[in-house]
S.K.: 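Starting off with a structure, shown below.
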There are 2 protein chains.
Amino acid sequence: MAVHDAIDVLSGKWKITIITCLLFGPKRYSEIMRDVKGISGKVLSRELREMETNLLISRTVIDTQPITVSYALTEYGQSVQPIITVLSAWGQTHREQISKK
Amino acid sequence: MAVHDAIDVLSGKWKITIITCLLFGPKRYSEIMRDVKGISGKVLSRELREMETNLLISRTVIDTQPITVSYALTEYGQSVQPIITVLSAWGQTHREQISKK
DNA sequence: CTGTATCCTGATTGATACTG
DNA sequence: CAGTATCAATCAGGATACAG
């Protein structure tokens, strides 16, 4: 089922957050680290590599001293924005629903 | 962030599949067990209880001999259908994207 | 039929220290 | 700055047996 392709690619505790963070433009490793609160370096680099493999983001080494690396959403990566929007809207409803109890 | 409320409620390996399965109408425990291939009894009952707590499904005991239990999506539970649709559409695109490599 | 209890295993995560 | 290596801890999930 196609749903699971999406879930596999987007699941994990951080991918959606990382994508959301990159929606505002390219960021460097340390910037993402700062914005995505609570993630460890190891996990961040693994998530980034997976997302690069899945063509969601691009990785560009900028040859300064010391080097910096820029991560950006690909056009394809930007296509998950609707998903985030829908999830966000639904999550909002969920909060209301639960608070009725 | 609201996105995470949605993710928390819908995450886990099976919830989306269970919801999809219930989209076609109420089902009994053993029917869900049969339709959702690969799930264990323990995990199924835990997922169902969580979803009941989150008001996604309702649980009705039918007092036959032996007893049966009917699970149905609440109106609220049905509201996740758009999410499934979006995920499914995106998952389809994803498959195409990956196969280009 | 509809579950619960127990035990087990592999995957995920995180803290810390370290490298180029 | 941008990672990787290592180790320890946690946890989700599964098999099986059993109970109401």
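Every chain is numbered from 1 and lettered A, B, ... according to where its sequence line falls, protein lines coming before strand lines. Every heavy atom of this structure was used, including side-chain atoms; hydrogens, water molecules and symmetry mates were not.
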S.K.: Within residues 25-34 of chain A, which residues have any heavy atom lying less than 4.0 Å from an atom of DNA chain D?
M.R.: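 The stretch gives A/Arg28, A/Tyr29, A/Ser30 as the residues lying under 4.0 Å from the strand, ordered by number.
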
S.K.: Below the 4.0 Å mark, does C/dG3 have OP1 or OP2 next to a side-chain nitrogen or oxygen of B/Arg59?
M.R.: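 Yes, within the criterion.
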
S.K.: Rounded to whole angstrom units, what separation is found between the CD1 atom of A/Ile7 and the P atom of D/dA12?
M.R.: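 From A/Ile7 CD1 to D/dA12 P: 17 Å.
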
S.K.: Do B/Ile18 and B/Glu47 touch side chain to side chain, with heavy atoms closer than 4.5 Å?
M.R.: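 Yes; the side chains approach each other to less than 4.5 Å.
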
S.K.: A/His94 vs B/Tyr76 aromatic rings, parallel, tilted or perpendicular, using cut-offs 30° and 60°?
M.R.: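 Because their plane-to-plane angle is under 30°, the rings of A/His94 and B/Tyr76 count as parallel.
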
S.K.: Report, as a single string ordered 5' to 3', how protein heavy atoms within less than 4.0 Å touch nucleotides 6-20 of chain C: B base, S sugar-phosphate only, - not at all.
M.R.: BB-----BBB-----

S.K.: Are A/Cys21 and A/Lys27 close enough that some pair of their side-chain heavy atoms sits under 4.5 Å apart?
M.R.: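 Contact flag for A/Cys21/A/Lys27 side chains = yes.
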
S.K.: May I have the distance from B/Lys15 (atom NZ) to D/dA12 (atom C1'), rounded to whole angstrom?
M.R.: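 After rounding, the gap between these two atoms is 11 Å.
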
S.K.: With A/Val9, which of A/Leu55, A/Thr53, A/Asn54, A/Val80 fulfils side-chain contact (heavy atoms from CB on, under 4.5 Å)?
M.R.: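 Filter result, single survivor: A/Asn54.
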
S.K.: Calculate the interatomic distance between B/Glu50 atom CD and D/dC11 atom P; express it in whole Å.
M.R.: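 Rounding to the nearest Å, CD of B/Glu50 and P of D/dC11 are 14 Å apart.
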
S.K.: Between OG of B/Ser45 and CD of B/Glu52, what distance do you get to the nearest 0.5 Å?
M.R.: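 Those atoms lie 11.5 Å apart.
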
S.K.: Mind checking the CZ-CZ spacing from B/Arg28 to B/Arg34? Nearest 0.5 Å is all I need.
M.R.: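 That separation rounds to 7.5 Å.
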
S.K.: Is the shortest distance from a Lys or Arg side-chain nitrogen in A/Glu50 or A/Lys15 to a carboxylate oxygen in the other one below 4.0 Å?
M.R.: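 A/Lys15 and A/Glu50: salt-bridged.
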
S.K.: So, do B/Leu22 and B/Ile32 sit near enough that their side-chain heavy atoms are less than 4.5 Å apart?
M.R.: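 Counting from C-beta outward, B/Leu22 and B/Ile32 do come under 4.5 Å.
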
S.K.: Are B/Arg49 and C/dG3 close enough that a side-chain N or O sits under 4.0 Å from OP1 or OP2?
M.R.: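 For C/dG3, neither OP1 nor OP2 has a side-chain N or O of B/Arg49 closer than 4.0 Å.
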
S.K.: Under the rule for side chain to side chain donor-acceptor pair (under 3.5 Å), what residues qualify as partners of B/Arg49, not counting sequence neighbours?
M.R.: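 For B/Arg49 there are no side chain to side chain donor-acceptor pair (under 3.5 Å) partners, ignoring immediate neighbours.
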
S.K.: How many whole angstroms separate atom CG of A/Leu44 from atom P of D/dG3?
M.R.: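 Taking CG of A/Leu44 and P of D/dG3, I get 8 Å after rounding.
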
S.K.: With a 4.0 Å limit, can you tell me whether B/Tyr71 has a side-chain N or O closer than that to the phosphate oxygens OP1/OP2 of C/dG3?
M.R.: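 Yes, such a contact exists.
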
S.K.: With a 4.0 Å limit, can you tell me whether A/Ser45 has a side-chain N or O closer than that to the phosphate oxygens OP1/OP2 of D/dT4?
M.R.: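 For D/dT4, OP1/OP2 do have a side-chain N/O of A/Ser45 under 4.0 Å.
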
S.K.: To the nearest angstrom, how far is A/Ile62 atom CD1 from D/dA2 atom P?
M.R.: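 That distance rounds to 9 Å.
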
